[in-house]
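Accompanying notes for the structure given below.
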Amino acid sequence: MASYSQKVIESVRAKNTNEPEFLQAVQEVLSTIEPLLTAEGKYEKHCILERIVEPERTIIFRVPWTDDQGRIQVNRGFRVEFNSAIGPYKGGLRFHPSVNLGILKFLGFEQVFKNSLTTLPMGGGKGGSDFDPKGKSDAEVMRFCQSFMTELQRHIGADTDVPAGDIGVGGREIGYLFGQYKRLRNEFTGVLTGKSLNWGGSLIRPEATGYGCVYFAQNMLATRGDNLEGKVCLVSGSGNVAQYTVEKLLQLGARPVTLSDSNGFIHDPDGITQDKLNWVMELKNVRRGRIAEYAEHFSTARYYEGQRPWNVPCDCAFPSATQNEINGQEARTLIRNGCRLVAEGANMPTDLEGIGVYLSSKILYGPAKAANAGGVATSGLEMSQNSQRLGWTREEVDAKLFNIMKNIHDNAFEHARYAADTTKDFTNYVVGANIAGFVKVADSMIDQGLV
Ligand code: NDP
């Protein structure tokens with residue numbers, strides 16, 4: 001007979017046929033919390049799974065704007081308010097041509113458990129648009145953001161739903177979005193996170209996801225009496241998460257050797273130094289160029305068009321670009337070439353087959369919702385500072401981030417005991433993180449009745 005979680009997975013599959021990423025995320029969480037569901041009958045009795053896979057609210061809207069040639073353009077905007085059992089909806093906005101409802105539902109669903117793991121009072125949500133900021137002028141990006149916020153402002157608020165950045169939404173976009181919200185609502189509140197320091201942002205927020213992911217890796221290595229010193233590390237992506245992952249790896253004595261974007265990857269066997277990283281930050285954040293230029297500028301590096309970095313031999317891998325960027329075959333290549341740790345900076349970068357490869361190889365594997373939770377955790381710290389109308393020092397925020405990542409690690413480590421394959425030599429952090437994140441949300445839903 002099909003188990004409770006299998007029945008719900010089947011019903012999600014039947015109802016969401018055009019949303020493969022959402023189904024993948026649901027399958028990953030529900031199938032791993034089975035031991036808890038069997039031990040605790042209350043979740044089935046209260047139909048928690050049937051409720052938790054359905055967003056509380058989904059908003060889809062038209063975003064008309066005018067380009068620099070005076071032509072009218074129309075994009076689609078979304079906000080998925082997934083679960084508010086433990087706090088206001090919280091999660092990023094993604095601007096990328098691949099954005100659709102299924103992608104945002106997968107991201108929102110993941111966000112619910114991730115936010116729960118941070119121990120901060122934040123529900124889960126996600127939003128964005130199929131707008132592509134690449135190649136657009138600042139004025140076009142501003143007009144788009146203003147139109148997007150003109151509709152979104154009806155649905156969000158500091159105590160209701162607090163969006164942040166994600167792919168394609170960085171400091172520039174958050175600025176334009178915040179300006180329009182303030183103008184329309186005539187209020188200065190912490191309605192968005194990832195703000196600039198001059199107007200309510202938090203120190204360390206830009207660094208938080210990358211730094212936090214490396215802290216998580218540090219904690220995993222410590223369980224084996226090891227550290228990052230001298231480790232050769234692959235990093236994918238070259239945006240916010242990738243940049244600060246490289247920076248923290250350098251501070252801890254590791255040797256990052258790759259970066260990528262959607263066109264290809266660079267391999268610098270001599271290592272990406274802080275000076276080279278500063279050059280990359282200028283390239284990506286100011287000039288908005290392509291990573292191929294790295295190999296034109298630094299003769300130590302080579303550029304591989306149309307490829308991903310996973311066949312480069314390494315000790316550790318930090319996928320930090322996008323979903324499903326490592327498949328089963330690539331995961332096997334990583335392991336064969338010596339990789340013994342994967343910490344996910346991106347959301348769901350490894351497909352289900354790839355995750356199976358990590359687990360059966362018994363490497364240290366930090367799944368996204370635990371390893372990259374430092375970003376949203378620091379967004380939570382930004383919300384606290386906004387509510388207090390105070391700003392904390394860099395050291396204070398970094399110390400809090402460090403402790404939060406340690407707590408997330410320890411919590412996932414502890415709940416990994418539910419996994420049949422966890423032993424004194426191996427920790428199944430997938431099961432650990434999913435169960436630890438689920439329990440708090442599910443118990444809160446039970447407390448709050450059928451709403
Ligand atoms: P950015 O927009 O700053 O950077 C994204 C990077 O990934 C770019 O290098 C981009 O290359 C590359 N990329 C995007 N789409 C693809 C694709 N389809 N194939 C290959 N490469 C791609 O985003 P972030 O660094 O903020 O986000 C990266 C990942 O981290 C995402 O999965 C995001 O959800 C996740 N994340 C981000 C958090 C944050 O705080 N920013 C928090 C938690 C998770 P290109 O320039 O060619 O598009």
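For reference, positions follow the sequence shown, starting with 1. Each ligand, and each atom within it, is numbered from 1 in the order the structure gives.
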Inset, instruction - Compute the shortest N/O to N/O distance between S320 and ligand 1 and return yes if it is under 3.5 Å, no if not. - result: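 No, S320 has no N/O under 3.5 Å of an N/O on ligand 1.
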Inset, instruction - Determine, using ring centers only, whether F131 and F148 are less than 6.0 Å apart. - result: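 Between F148 and F131, the centre distance exceeds or equals 6.0 Å.
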Legend entry - Test of ring centre spacing under 6.0 Å for F106 and F82: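 They do not qualify: ring centres at least 6.0 Å apart.
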Within a distance under 4.0 Å of any heavy atom of [X], pick out the atoms of ligand 1 and give their elements.
| X | value |
| --- | --- |
| K134 | 45 (P), 46 (O), 47 (O), 48 (O) |
| H96 | 15 (N) |
| S238 | 9 (O) |
| G345 | 30 (O), 35 (C), 36 (N), 44 (C) |
| A346 | 29 (C), 30 (O), 32 (O), 35 (C) |
| S260 | 9 (O) |

Legend entry - atom 3 (O) of ligand 1: nearest protein contact (heavy atom, Å):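 Residue, atom and distance for the closest contact: N240 N, 2.9 Å.
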Inset, instruction - Give a yes or no on whether a salt bridge exists between R51 and E54, defined as a side-chain N under 4.0 angstrom from a carboxylate O. - result: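 Salt bridge absent between R51 and E54.
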Inset, instruction - Determine, considering heavy atoms only, which of I103, T209, I291, N285 sits nearest to atom 39 (C) of ligand 1. - result: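 Heavy atom nearest to atom 39 (C) of ligand 1 belongs to T209.
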Inset, instruction - Given side chain to side chain contact (heavy atoms under 4.5 Å, CB included), test L203 with W392 step by step and report yes or no. - result: CA-CA 8 Å; L203 287 160; W392 303 334; over 6 Å; no
Inset, instruction - Just say parallel, tilted or perpendicular for the rings of Y211 and Y244, cut-offs at 30° and 60°. - result: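 Judged by the thresholds at 30° and 60°, the geometry between Y211 and Y244 is perpendicular.
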